[in-house]
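Chain letters run A, B, ... following the sequence lines, proteins first, then strands; residues in each count from 1. Side-chain atoms are counted along with the backbone in the values below, which use heavy atoms only and exclude waters and symmetry mates.
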Number of protein chains: 2
Amino acid sequence: MTKTSKSPHKLRFAILATDTVLFSKDQGGLKVLLMKVDRPPFYVQHWGVPGGLIHPKETADEAAKRHLWEKAGAKKFVHIEQLYTFSALDRDPRGRVVSVAYLALTPTTDIVRRGGSEVRWFSVENLPKLAYDHKDIIRTAIERVRSKLAYTNIAFGLLPEEFTLGELQRLYEVVLRRRFDKRNFRKKLFSLKLVVGTKKKKRAGRSRPAELYRFSERRHKVVGIL
Amino acid sequence: MTKTSKSPHKLRFAILATDTVLFSKDQGGLKVLLMKVDRPPFYVQHWGVPGGLIHPKETADEAAKRHLWEKAGAKKFVHIEQLYTFSALDRDPRGRVVSVAYLALTPTTDIVRRGGSEVRWFSVENLPKLAYDHKDIIRTAIERVRSKLAYTNIAFGLLPEEFTLGELQRLYEVVLRRRFDKRNFRKKLFSLKLVVGTKKKKRAGRSRPAELYRFSERRHKVVGIL
DNA sequence: CCAAAAGTGTTGTCGTTACACCCATGA
DNA sequence: TCATGGGTGTAACGACAACACTTTTGG
């Protein structure tokens with residue numbers, strides 16, 4: 001029973017937006033992409049996740065992808081999924097805005113600078129002042145990523161096509177804030193046939209070169225890992 | 001970065017609604033509450049889940065609860081959670097309506113008849129013609145309930161305060177469409193301390209009376225059951 | 001006494017954990 | 001040759017699966 005039409009203006013009180021939490025990782029840990037928001041009187045020198053209005057002729061998914069590209073210059077995100085819809089009355093002090101939030105993952109920290117506001121990656125451990133309800137949105141997104149690492153293969157969204165098992169394990173360790181046993185971790189990935197070895201080696205620094213692996217499937221798949 | 005205000009009318013093209021999939025169970029299995037929709041030319045003799053507009057002064061959650069009560073007379077639902085936001089352009093042929101869908105659970109099949117359209121419980125195995133995208137919404141809701149039975153205690157939403165372990169097990173069996181071993185099933189529930197016995201007995205028909213149990217906590221809690 | 005569902009323990013298997021040493025490389 | 005991270009197997013333990021008989025009641 002979705003309701004109605006002829007749509008008097010009174011029914012169309014709300015503005016619809018999307019907000020997308022885009023994650024990447026570097027050796028330090030999980031990063032979120034934020035843009036500077038500088039809107040007195042409420043949000044001077046605050047930051048927020050990229051987002052914007054949904055247009056009349058696009059779905060929420062389309063809007064999320066478009067804004068990621070237009071606002072933040074992020075194009076190569078590998079995974080995007082709907083996160084939650086935030087509808088608190090006062091989430092935007094300027095008026096009623098309902099936002100469909102998304103979670104996206106990218107293997108790189110490269111972003112194309114396009115006009116507009118400053119864009120930066122922040123460590124999730126050390127976020128700046130956030131505008132609107134973006135703190136809630138980001139918290140929800142972090143919880144989602146954490147839980148999904150445990151029972152899906154989404155890690156592929158945060159790693160390049162080829163990676164070492166050390167990199168993969170470090171990803172799990174920094175995001176989930178716990179340590180794993182190297183041998184058991186590898187055994188699990190192999191027994192689930194989640195990764196396959198290429199024959200290539202990657203040398204890094206002064207230590208023994210590691211074999212490069214790739215995910216056997218690079219689409220979202222639920223498989224109990226932990 | 002939720003956007004903007006002063007809100008010219010052009011920005012407010014969409015109508016916001018909620019749609020709620022309310023489940024209950026009887027001995028046959030999972031039931032969904034549907035209301036008759038009779039809107040020529042598209043949806044003659046179709047059915048849909050209860051829902052309606054979000055008001056300017058309420059959140060999506062509030063709207064979902066209100067409509068469950070106002071439209072369907074369902075008051076005693078025990079659990080409600082946001083499911084997914086559906087925003088396809090043509091989901092409502094009369095105009096752009098974005099719907100925040102909810103999933104709710106109730107232990108009883110009682111509903112208070114209030115004015116308006118006919119309201120009925122349908123088995124999820126045998127749904128009628130559905131209006132709008134309600135087939136998608138219901139499918140999504142069924143998947144969600146199934147997966148949540150496996151790793152949370154939401155079953156409490158579908159059972160009365162006191163129930164027998166046979167009832168609980170049958171609930172799992174009909175919803176997940178598989179059989180469980182009685183002893184292992186009970187062992188698991190006890191070892192997780194999910195249920196506690198009252199001393200009361202329930203006699204049913206001509207067989208041995210079963211002890212009544214209750215959930216040790218009746219709030220949503222994630223615990224690996226299966 | 002028969003039918004129907006409730007209730008109760010043990011054993012084998014398989015997955016998870018814990019654990020320590022050698023290898024290849026660059027400095 | 002030393003420091004760094006890569007790579008490998010095994011044994012103990014615990015969780016899960018399989019399995020059958022006795023109990024209580026109403027008819």
For atom [atom1] of [X] and atom [atom2] of [N], their distance in whole Å:
| X | N | atom1 | atom2 | value |
| --- | --- | --- | --- | --- |
| B:Lys202 | C:dA4 | NZ | C1' | 15 Å |
| A:Phe180 | D:dG5 | CZ | P | 19 Å |
| B:Asp181 | C:dG9 | CG | C1' | 12 Å |
| A:Lys200 | C:dA24 | NZ | C1' | 20 Å |
| A:Phe185 | D:dT8 | CZ | C1' | 16 Å |
| A:Leu226 | C:dT17 | CG | C1' | 14 Å |
| A:Phe163 | D:dG6 | CZ | C1' | 15 Å |
| A:Arg179 | C:dC19 | CZ | P | 14 Å |

- Query: Knowing that exactly one of A:Arg144, A:Lys65, A:Arg219 qualifies, which makes a salt bridge (charged side-chain N to carboxylate O under 4.0 Å, His left out) with A:Glu81?
  - Reply: A:Arg144

- Report yes or no: is the cationic atom of A:Arg183 (NZ for Lys, CZ for Arg) under 6.0 Å from the centre of the six-membered ring of A:Phe185, at an angle within 45° of the ring normal?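 No, A:Arg183 does not sit over the ring of A:Phe185.
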
- Task: Test the A:Arg120-A:Phe122 pair against the cation-pi criterion, namely NZ or CZ under 6.0 angstrom from the six-membered ring centroid and within 45° of the ring axis.
- Result: yes

- Want to settle it: does B:Ile225 or B:Gly205 sit nearer the 5' end of DNA chain D, counting the closest nucleotide to each? B:Ile225

- Which part of the nucleic acid, if any, lies within contact of B:Lys182, taking any heavy atom under 4.0 Å across all strands shown: a base, the sugar-phosphate backbone alone, or nothing?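 Base contact - B:Lys182 has a heavy atom under 4.0 Å of at least one base atom.
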
- Under 4.0 angstrom, heavy atoms only, what part of the nucleic acid is A:Lys187 near: base, sugar-phosphate, or nothing?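 Touches a base.
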
- So with a 6.0 Å cut-off around CZ of A:Arg146, is the heavy-atom count from everything else above 12? yes

- Message: Go nucleotide by nucleotide along DNA chain C from the 5' end; which of A:Ser191 and A:Pro209 gets its closest nucleotide reached first?
- Response: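 Closest to the 5' end, via its nearest nucleotide, is A:Ser191.
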
Taking the minimum atom-to-atom distance to the side chain of [X], which one of [options] wins?
| X | options | answer |
| --- | --- | --- |
| B:Arg186 | C:dT8, D:dT24, C:dA24 | C:dT8 |
| A:Asn184 | C:dA6, C:dA18, C:dA24 | C:dA18 |
| A:Arg208 | D:dC19, C:dC23, C:dG7 | C:dC23 |

- Message: Is A:Arg203 close enough to C:dA24 that one of its side-chain N or O atoms is under 4.0 Å from OP1 or OP2 there?
- Response: no

- Query: For D:dT4, does OP1 or OP2 lie under 4.0 Å from any side-chain N or O of A:Arg206?
  - Reply: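 Checking D:dT4 against A:Arg206, a side-chain N or O does come within under 4.0 Å of OP1 or OP2.
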
- Message: Using a distance-only criterion (donor-acceptor N/O pair, under 3.5 Å, no hydrogens), is the base of D:dA20 paired with the side chain of B:Arg183?
- Response: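 Counting by modelled atom types and ignoring angles, a donor-acceptor contact under 3.5 Å is found here.
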
- Message: Is there a salt bridge (Lys or Arg N to Asp or Glu O under 4.0 Å) between A:Lys200 and A:Glu162? Walk through the geometry before answering.
- Response: CA-CA 9 Å; A:Lys200 297 179 254 178; A:Glu162 304 192 333; 2.9 Å; yes

